[in-house]
Chemist: 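Sharing a structure here in C-alpha cells format.
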Number of protein chains: 2
Amino acid sequence: MVKAADRAKNPARSSVWLENRAARGGGGPAGLDRDRIVAAAIRMLDEEGLAGLSMRKLAAELKVTAMSLYWYVDTKDDIIEFAMDSVYGEFDLAAIDAADGWRDMIRVLALEYRRMLVRHPWMSPSAGQYLNIGPHAIAVGGKIQEAIGGTGLPIDRQPSATSAVFQFVYGYGTIESQFGRRAAEAGMSQDDFYVESVKAFRDNPGFAEAIEPMAEILDVRASQGSVSAIWDRDFAYALDVLVAGIEAMVSRETGT
Amino acid sequence: MVKAADRAKNPARSSVWLENRAARGGGGPAGLDRDRIVAAAIRMLDEEGLAGLSMRKLAAELKVTAMSLYWYVDTKDDIIEFAMDSVYGEFDLAAIDAADGWRDMIRVLALEYRRMLVRHPWMSPSAGQYLNIGPHAIAVGGKIQEAIGGTGLPIDRQPSATSAVFQFVYGYGTIESQFGRRAAEAGMSQDDFYVESVKAFRDNPGFAEAIEPMAEILDVRASQGSVSAIWDRDFAYALDVLVAGIEAMVSRETGT
DNA sequence: CTGGGTCTCGTACACCGTACAAGGGTCTCT
DNA sequence: AGAGACCCTTGTACGGTGTACGAGACCCAG
C-alpha cells in the first residue's frame with residue numbers, strides 16, 4: 001500500500017487510478033466500505049462545497065472516527081478522485097448513443113457535461129487539479145472521441161477540435177457553477193444575486209469608466225429574461241458557433 | 001474595515017474590489033506595503049503553487065510576523081485577488097491594439113490569456129473561484145468585448161461568442177498549466193512526463209480495452225514532435241475552428 | 001486455545017487562517 | 001517638555017486541518 005508520503009515523492013503516479021489497488025473490506029463492525037464513504041463524500045461536497053469536506057466531518061457522518069477512513073483510502077485526495085469518477089458515472093451514455101449524427105452527439109455530450117458541472121460545483125475545481133482517468137471518465141472520453149471522429153476531420157486534428165468544444169464546456173460550466181454556488185452562499189436566487197452583483201459593480205466608484213462600454217450589454221441582458229434562461233441561451237448559441245466552426249474546417253480540409 | 005467574519009456573512013460583497021478600501025501604510029519600520037506583499041505572494045505562488053502559500057511563510061519571506069500582513073489586507077483571499085489582478089496586468093494591451101481586425105485581435109488576446117495561465121499555474125484555479133473584477137481584469141475584459149464587437153455579430157449574441165472563445169482558452173490553459181505543474185513536481189521535462197504518463201496509462205491492467213480506441217490517436221501524437229509543439233499546434237487550430245465558427249454565424253445572421 | 005488477519009479507535013504532530021490585546025515608534029498639539 | 005493619538009508590529013491563543021503511529025477489538029483458521 002502506497003502511503004501519502006511516498007505518493008508525494010512520486011507524483012508521476014499521483015492518481016489513485018494509476019495504482020490499481022483493490023477495494024478493501026466491508027465486513028467490519030461499522031459496516032463501512034469504499035462505496036459508502038464515497039457516496040457520503042459526494043453528498044457532503046454537494047452540500048458544503050470542496051472546502052466543507054473534512055475527514056473528521058465525513059467520518060462523523062458515517063458514525064466513525066476519522067482514522068477509520070484511512071483503512072479504505074490512502075488520502076483525502078483519493079476520496080475526491082473516487083467521488084469525481086462516480087459523478088462521471090452520471091452521464092447518460094444511452095442518450096448519447098441514441099443521438100443522431102455527430103452534431104447531435106456533441107450537443108448531448110456538451111449538455112450532459114455542463115449539467116454535471118453545475119449540479120456538482122466542486123467538480124470543476126477538482127477536475128482541473130486531478131487526472132480524470134477513472135473508468136467512468138474514460139468511458140465519457142471515449143464517447144467524446146467517437147463524436148469528434150464522426151465529423152470527418154483528419155485524425156491529427158481531432159484532439160484539437162475536442163479541445164475547442166469540451167474545454168469550452170468546462171470553462172462555461174465552471175463560471176456557471178461558481179455563480180450558482182455564490183448565489184446559494186448568499187442565500188439568494190440566481191436572479192436576485194445577478195441584480196445585486198450588477199448593482200454593486202455599477203455603484204463601485206472608480207469603475208464608472210470601465211463599466212461604460214459594458215453598460216449596453218448589461219442593458220440588453222436585462223431584457224433577456226431569467227438568469228438561467230440566459231445561461232441556456234448563451235450555451236446553445238456558443239455550441240452553434242463551435243459546430244459551425246467544425247463544419248467550416250471540415251469543408252476547408254476536404255474541399256479546395 | 002470589514003473583518004473576515006463579516007465577509008463570510010455577506011458573500012455578495014465577497015470580493016476586495018467591491019469594498020473600495022484604500023491601500024494602507026508604507027511608512028512602518030518593516031518597510032511593508034501592499035504592493036510588496038502582493039509581489040512576494042506572486043513569487044511564492046509561482047514557485048510553490050496555491051497550496052504552498054501560507055501567511056506565515058509569506059510573512060517570513062518579508063521578514064515579518066504573519067499578523068503584520070493583516071494590517072494591509074483583511075484575509076488571505078484578498079492577497080490572492082490582488083495577485084490575480086496584478087497578473088492580469090501582464091497582458092500586453094498595446095500588442096492587442098496593434099492587431100489588425102477582429103480575427104487577429106482575438107488571436108492575440110487568446111494567446112496572451114493562455115500564456116498568462118501557463119506562466120502562473122495557480123491562476124486558473126483561482127480565476128474559477130474569485131470574481132475577476134480588478135482594474136486590470138476589467139481592462140482585459142474591455143479589449144475582449146471590443147474584439148468580439150468587431151465581428152459583426154448582433155449585440156445580444158456577443159456574450160455568447162465571447163464565452164465560446166474565452167471559456168475555451170480558460171479550459172485549455174487550465175489543462176496545459178496543470179500538466180506543466182505536474183511535470184515540474186515530478187522533476188521531469190514535459191516530454192519525459194508525457195511519455196511516462198502514457199506508459200503508466202497503457203500499462204495499467206484493466207484499462208487495455210478502454211485505451212484501445214485511443215491508441216491510434218496516441219500513436220499519431222507521438223509523431224507530432226515535442227509536447228510543447230503539440231500544445232501550440234492544437235491551440236492554434238482550435239482558434240481557427242472558433243474563428244471559422246464566428247464567421248459562419250455572422251454570415252448566417254446577416255445573410256439569408 | 002492460539003495466532004493472525006481485518007477493522008476501529010485515541011492520541012499526537014505539524015501546520016493552517018486569524019482574533020485579540022499589548023506594545024513600540026513617531027508625529028502633533030498644548 | 002509632556003501628553004496623547006496615530007500607525008504599525010508582535011506574541012499568544014483558538015479551533016480547525018490531514019494524517020502517522022500504535023494499541024486494541026473482533027473473527028476465523030489451525
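Below, read A as the first sequence line, B as the second, and so on, with proteins coming before strands; counting in each chain starts at 1.
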Chemist: Which donor-acceptor pairs under 3.5 Å do the side chains of residues 109-119 of chain B make with protein atoms, sequence neighbours left out?
Modeler:
from     : atom 1 : to       : atom 2 : distance (Å)
B:Glu112 : OE1    : B:Asp92  : N      : 3.0
B:Arg114 : NE     : B:Glu176 : OE1    : 2.7
B:Arg114 : NH1    : B:Asp232 : OD1    : 3.4
B:Arg114 : NH2    : B:Glu176 : OE1    : 3.4
B:Arg114 : NH2    : B:Glu176 : OE2    : 3.1
B:Arg114 : NH2    : B:Asp232 : OD1    : 2.8
B:Arg119 : NE     : B:Glu90  : OE1    : 3.3
B:Arg119 : NH2    : B:Glu90  : OE1    : 3.2

Chemist: Rounded off to whole Å, could you give me the CZ-to-P distance for the B:Arg34 and D:dC7 pair?
Modeler: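 Value for this atom pair: 16 Å.
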Chemist: What is the distance, rounded to the nearest whole Å, between atom CG of A:Leu58 and atom C1' of D:dT19?
Modeler: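 Spelled out: CG on A:Leu58 to C1' on D:dT19 is 14 Å.
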Chemist: Is the gap between the ring centers of A:Phe168 and B:Tyr172 under 6.0 Å?
Modeler: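 Here the rings of B:Tyr172 and A:Phe168 have centres that are no less than 6.0 Å from each other.
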Chemist: Could you go through B:Phe201 and A:Trp17, starting from their C-alpha distance and side-chain angles, then the distance that decides it, and tell me whether this counts as side chain to side chain contact (heavy atoms under 4.5 Å, CB included)?
Modeler: CA-CA 9 Å; B:Phe201 191 63; A:Trp17 306 111; over 6 Å; no
Chemist: Decide, yes or no, whether a salt bridge links A:Glu47 with A:Arg43 under the criterion of side-chain N to carboxylate O below 4.0 Å.
Modeler: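 Salt bridge flag = no for A:Arg43 with A:Glu47.
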Chemist: Can we say A:Glu196 and A:Lys199 salt-bridge, meaning some charged N sits less than 4.0 Å from an Asp/Glu carboxylate O?
Modeler: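 Judged by the 4.0 Å cut-off on N to carboxylate O distance, A:Glu196 and A:Lys199 do form a salt bridge.
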Chemist: Heavy atoms under 4.0 Å is the rule here; annotate nucleotides 4-17 of chain C 5' to 3' with B where the base is hit, S where only the sugar-phosphate is, and - elsewhere.
Modeler: --SBBBB-B---BB
